Each structure stands twice: as structure tokens, then as C-alpha cells.
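Scroll down for the structure; my scribbles are underneath it.
Note that this is a predicted model, so its numbers are computed, not measured. Ligands are counted one by one from 1 in listed order, and the atoms in each one are counted from 1 as well.
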Amino acid sequence: MGASVGLIGLGVMGANLALNIAENGFTVAVYNRTLERTATFMESADELAAQLTPTGSLEELVASLAAPRMIILMVPAGAAVDSQMRALLPLLEPGDLMIDCGNADFNETQRRLSELDGTGIGWVGAGVSGGSDGARFGPSIMVGCTQAEYERVSPILSAIAAKHDDVSCCARLGTDGAGHFVKTLHNGIEYADMQMLSEAYGLMRDGLGWSAGDIGEVFARWNDGVLNAYLVEITANVLAVHDEASNGPIVDVIADRAGQKGTGTWSAIEAQKLGRPATTVEAAVSARCVSSQGALRSALSDVYSSEGATGFGADDTVEALELALLAGRLCAYAQGFNAIAAASELHQWNVPLARVAEIWRAGCIIRSRLLDDMAEAFQGGVAHDNLLTNELFVPQMTVAIPALRQIVGDSVAAGLPIPALSAALAWFDGIRQPRGTANLIQAQRDFFGSHSFERTDQSGIFHGPW
Ligand code: 6PG
């Protein structure tokens with residue numbers, strides 16, 4: 001009898017997913033373009049090797065699977081996925097399914113589905129979060145496919161996913177690109193949260209002059225409170241790590257240039273396209289780009305000093321920072337969910353927002369204590385698809401916003417950059433204004449381009465007497 005599932009791509013994520021699937025009692029046929037990697041993988045599989053079938057070609061992989069076949073692709077997002085899909089296609093039969101577990105752009109998932117139209121071969125877009133440990137021991141899995149396809153893939157995907165109170169953190173979130181869209185926004189929130197945490201680190205380092213070790217202790221304390229989250233926990237951990245070569249904290253010798261592979265930018269762009277801007281994500285992506293402009297940064301620092309900047313640090317700064325981060329994180333999630341809700345409506349995905357919050361509670365990178373409240377809020381229904389309207393969050397924001405305001409004010413005065421926290425506050429102040437200033441923009445647009453405007457006191461379309 002053939003293996004239950006095939007898996008292509010034995011990089012760290014693919015190898016760990018294969019071991020996870022095998023450990024859950026399924027048989028897996030594996031294939032990697034470079035065959036040496038397959039051999040090394042099989043050696044490392046120890047007692048799980050009995051569940052795994054190494055194959056040396058796509059033909060052999062396909063032949064070793066039980067029909068109808070399911071094949072997981074865990075290859076770099078983009079062109080590699082297309083080339084694997086096209087190479088597999090002639091070897092497959094109607095009823096077979098490919099499952100893309102990479103960080104695909106959901107637009108590409110939709111395009112691949114239309115390419116497969118009429119072939120009878122299925123394509124499941126599954127966003128997998130949790131890094132290498134998650135892949136091995138239980139990720140959060142965001143799936144986009146038909147209900148019938150989900151019934152086929154779910155026994156495996158639900159079994160390997162993380163569990164929160166015994167409930168699997170794997171769910172079907174809609175058809176076609178829904179899973180990859182939600183995974184993209186997950187990553188956008190990940191970018192925003194990481195940026196805000198690094199801004200808090202920067203304020204303590206440059207504003208208060210604290211050492212990495214002292215800052216790490218603050219993060220460790222925060223992890224026991226309202227900010228409890230995987231990203232806060234690992235921040236405390238990395239800040240405590242000593243480097244032998246420099247005989248100091250390792251963070252102090254890590255170059256301050258952040259890498260990125262695209263999901264943050266996609267989140268920001270998709271949210272903009274939907275008219276639901278995720279400004280904290282935009283700020284986080286921009287901050288990573290600025291971080292990589294090292295030569296310009298040092299040239300400008302020679303020209304512009306912090307002259308005019310005040311010192312940073314009121315007595316209650318660390319407590320205020322904790323609350324400011326809470327407010328920033330809530331804004332980032334609110335923006336992310338808002339974009340997901342808008343995409344769901346546009347693509348008719350019917351994304352169950354409560355399920356999204358539920359499956360983000362374990363396994364994924366942005367898991368945090370707040371997600372329990374978010375799941376509860378969405379279970380009860382949320383007005384305007386915006387979490388901040390919910391009674392669970394109003395009291396938290398009411399306490400946290402003054403702290404965010406204080407931190408943003410102090411940082412601006414001190415010349416210390418906190419773009420994501422500032423963006424969160426600017427967005428919040430904009431979204432809570434009953435009367436904004438876009439009336440003037442409408443007047444300007446009509447003045448130079450006859451674009452017309454609506455009036456508050458009469459219905460219809462108008463032009464000004466310019
Ligand atoms: C996850 C992560 C993961 C992502 C990395 C790196 O959910 O496990 O989001 O999918 O690839 O975080 O992303 P960047 O290289 O863009 O920072």
C-alpha cells in the first residue's frame with residue numbers, strides 16, 4: 001500500500017513537517033531536489049525512518065503514494081512552487097491534491113488554482129506558522145480550500161497542528177487563497193509586534209541607558225503580565241544570551257539590519273488595497289527597510305545631531321511602556337483582523353474570525369494571551385469588524401492609550417524613533433474622530449480636478465464655486 005502523503009522539499013521546515021506527520025502515525029514519501037539532503041534527512045529520522053519512504057525522483061514519489069494522492073509542497077514561495085506544480089502536473093491524475101504549505105502570496109494561490117481549472121487536480125493553500133519548532137512539534141495551520149478537500153487533508157493537518165486546550169490549531173478559513181491571505185496578515189502582525197518590541201528595547205537602551213541584561217529582565221517580567229506572548233518570551237531570552245567572542249550580550253554585536261522575505265510588505269499592500277490600512281505593519285516594514293540603509297543612516301547622523309531633543313524618561317516609563325505596547329499590539333491586531341474581514345467579504349470567503357483567533361493561540365509566532373479575549377470577542381460578534389469596539393477591549397484601551405500617548409510624546413521630544421508605536425497612535429486618533437479633515441481634501445480635489453464632493457447638509461454630488 002502506498003504512503004498516506006508525499007512531501008517535496010526537505011529544508012528545515014519540510015524536514016520537520018515530515019517528521020511531525022510520521023510521528024502522528026502517517027506514512028510519508030519524501031522527495032528533495034538534491035538527493036544528498038534526502039539521505040541526510042533519512043539518517044536523522046531515527047525510529048521514525050520506518051514511516052518514511054525516500055524517493056529519488058518525482059515519478060518515484062508519485063508512484064509511492066496511495067491514490068488519490070496528496071502531496072505537500074514545502075519549497076520557497078514563488079517560482080519554485082510554480083516549477084514543482086508544473087513538473088508534477090503530468091504525473092498526477094484527477095482527484096489528486098497538492099498542498100502548498102509555504103508562505104505564498106494569496107494572489108498566486110488563486111492564479112495557480114485557475115491554472116489547474118479543468119484538470120480535476122486540487123490545490124490547497126495552507127499557511128503554516130511556528131518556525132522550525134512549530135513544524136516539528138505543532139504549528140498553527142491556516143487552510144484555504146473547498147470543504148470536500150478539507151475533509152481529505154484535515155486528518156493529517158489537524159493531527160500535526162498545535163493543540164490549545166486539546167483543540168487543534170488547524171482550520172479551514174475559506175476557499176482558494178483564504179488560508180494564505182490570513183497567514184500573510186499573521187506575518188504582518190508579527191512584523192508590527194516585533195518592531196514595537198524592538199522600539200521598547202531601543203527606548204530602554206538609548207533613552208534610559210540600560211544594558212541588554214537589564215532590558216531582558218523587564219521583558220521577562222512583562223511576559224508574566226498583560227503582554228504575555230511568545231515574541232515577548234523570546235525577546236527576554238535573546239537579551240540574556242552572552243557572546244563568548246565579544247564577552248558581552250550577543251544582541252550588542254548583531255548588525256542592526258533586519259532581513260525580510262516579503263509577507264510584511266504584502267500585508268501592508270493588501271490592507272491598503274482593501275481600504276483597511278494596517279499602518280503598524282507599514283511602519284514595521286519601513287523600519288526594516290530604513291534599518292538596511294546603513295550608509296545613509298551614518299551619513300545623516302554626521303550631519304544632524306539630536307540637538308533640541310530633550311532627555312527621555314519619566315519615573316514611570318517602564319510601566320507606561322508596558323501599557324503603550326499593549327495599546328500598540330491591540331491596534332496591530334485590530335488592523336490585521338479588519339483587513340482579513342474586508343478580504344473575506346470581497347472574496348466571499350466567510351472567514352470565521354473567531355476561528356482565526358482560536359488557531360493563533362498555540363503554535364504560531366504571534367500567540368499571545370490577548371488572543372483568548374479576541375476569540376471570545378469574535379465569538380460574540382464585533383461591530384464594524386473592529387476589535388476595539390468590543391467591550392472586552394474598551395477598558396484595556398482606555399487605560400493603555402494615555403500611556404501610549406505619553407511614550408510617543410516623550411520619544412518624539414527625545415528624538416528617539418518609534419515608528420510603529422507612533423503609527424498605532426496616529427491611526428487610533430484618526431479612527432476615533434467623528435469629524436476628520438478630509439472635507440478639505442475633497443475641496444482641494446474638486447478645485448484642481450473637478451472631482452466633486454458630497455455635502456453634510458444636502459444629498460447629491462456637488463462642485464464648489466471655485
Ligand atoms: C511563521 C513565520 C515565518 C516567517 C519568518 C520569517 O509564522 O512561522 O512568520 O513564516 O517566514 O518569520 O519572515 P521574514 O524573513 O519576512 O522576517
Side-chain angles (χ1 to χ4, degrees), residues 9 11-17 20 72-78 80-81 99-106 108-109 125-144 157 160-162 164 169-171 173 177 179-198 229-235 237-238 254-271 278 280-292 329 332-333 336 339-340 356-368 371 420:
V12 184
M13 290 293 287
N16 281 350
L17 265 190
N20 187 353
I72 292 174
L73 303 184
M74 198 70 234
V75 297
V81 177
I99 310 165
D100 178 9
C101 284
N103 274 335
D105 178 337
F106 90 103
E108 294 199 341
T109 304
V128 176
S129 175
S132 53
D133 269 11
R136 177 68 184 86
F137 302 108
S140 169
I141 309 182
M142 296 145 252
V143 188
L157 297 186
I160 64 166
H164 182 271
C169 289
C170 170
L173 303 175
H180 280 143
F181 185 90
V182 173
K183 175 59 171 50
T184 295
L185 267 292
H186 163 284
N187 282 26
I189 296 169
E190 170 186 305
Y191 271 54
D193 213 35
M194 290 168 76
Q195 174 62 26
M196 290 188 279
L197 295 175
S198 81
Y230 170 74
L231 284 171
V232 176
E233 179 192 328
I234 64 160
T235 304
N237 290 346
V238 299
I254 295 178
D256 66 337
R257 289 188 294 275
Q260 52 181 319
K261 290 196 278 295
T263 47
T265 310
W266 301 344
S267 287
I269 290 173
E270 294 302 337
T280 51
V281 183
E282 289 171 24
V285 172
S286 303
R288 287 199 191 188
C289 298
V290 168
S291 82
S292 67
R329 179 180 286 167
Y333 272 98
I340 292 171
V356 174
E358 284 165 15
I359 67 169
W360 283 354
R361 290 184 300 191
C364 74
I365 302 293
I366 62 170
R367 58 189 186 262
S368 79
L371 281 160

For ligand 1, is Gly130 a contact, meaning one of its heavy atoms is under 4.0 Å away?
yes
Residue Gln260 vicinity, atoms of ligand 1 by number, heavy atom under 4.0 Å
15 (O), 16 (O)
Using side-chain contact (heavy atoms from CB on, under 4.5 Å), reason through Asn187 and Trp266 one step at a time and then give a plain yes or no.
CA-CA 9 Å; Asn187 282 26; Trp266 301 344; over 6 Å; no
Please identify which atoms of ligand 1 are closer than 4.0 Å to at least one heavy atom of His186.
7 (O)
Minimum heavy-atom distance between Gly177 and Thr109, given as atom pair plus value:
CA-CG2, 4.1 Å
Report the part of Arg288 (side chain from C-beta onward, or backbone N, CA, C, O) that has a heavy atom under 4.0 Å from ligand 1; answer both or neither where that applies.
side chain
Taking all heavy atoms of Cys289 and all of Gln260, pick out the closest pair and write down the distance.
SG-NE2, 3.5 Å
Got the closest protein heavy atom to atom 12 (O) of ligand 1, with its distance?
Glu190 OE2, 2.6 Å
Which heavy atom of Met74 sits nearest to which heavy atom of Cys101, and what is that distance?
CE-O, 3.3 Å
Verify side-chain contact (heavy atoms from CB on, under 4.5 Å) between Met194 and Arg288, making sure each step is shown before the conclusion.
CA-CA 11 Å; Met194 290 168 76; Arg288 287 199 191 188; 3.7 Å; yes
Do me a favour and list the nearest non-hydrogen protein atom to atom 6 (C) of ligand 1 with residue, atom name and distance?
Lys261 NZ, 3.7 Å
What one should report as the nearest heavy-atom pair of Ser291 and Ala258 is OG-N, 2.8 Å
Under 3.5 Å: N/O of Tyr191 near N/O of ligand 1
yes
Under 3.5 Å between some N or O of ligand 1 and some N or O of Gly259?
no
Assess the residue pair Asn103 and Lys261 against the criterion (side chain to side chain donor-acceptor pair (under 3.5 Å)); give the C-alpha distance rounded to whole Å, side-chain angles, the decisive distance to 0.1 Å, and a yes or no.
CA-CA 9 Å; Asn103 274 335; Lys261 290 196 278 295; over 6 Å; no
Ligand-residue contact atoms, ligand 1 with Gly131, heavy atoms, under 4.0 Å
8 (O)
Pull out every atom of ligand 1 sitting under 4.0 Å from any heavy atom of Asn187, numbered as shown with elements.
4 (C), 7 (O), 9 (O), 10 (O)
Smallest separation among heavy atoms of Cys170 and Leu157, with atom names
SG-CB, 3.7 Å
Mind listing the closest non-hydrogen atom pair of His180 and Gly102 along with its distance?
NE2-O, 3.1 Å
The protein heavy atom nearest to atom 11 (O) of ligand 1 is Asn103 ND2, 3.2 Å
Kindly confirm or rule out an N or O of Ile365 lying under 3.5 angstrom from an N or O of ligand 1.
no
So the atoms of ligand 1 within less than 4.0 Å of a heavy atom of Ser129 turn out to be 1 (C), 7 (O), 8 (O)
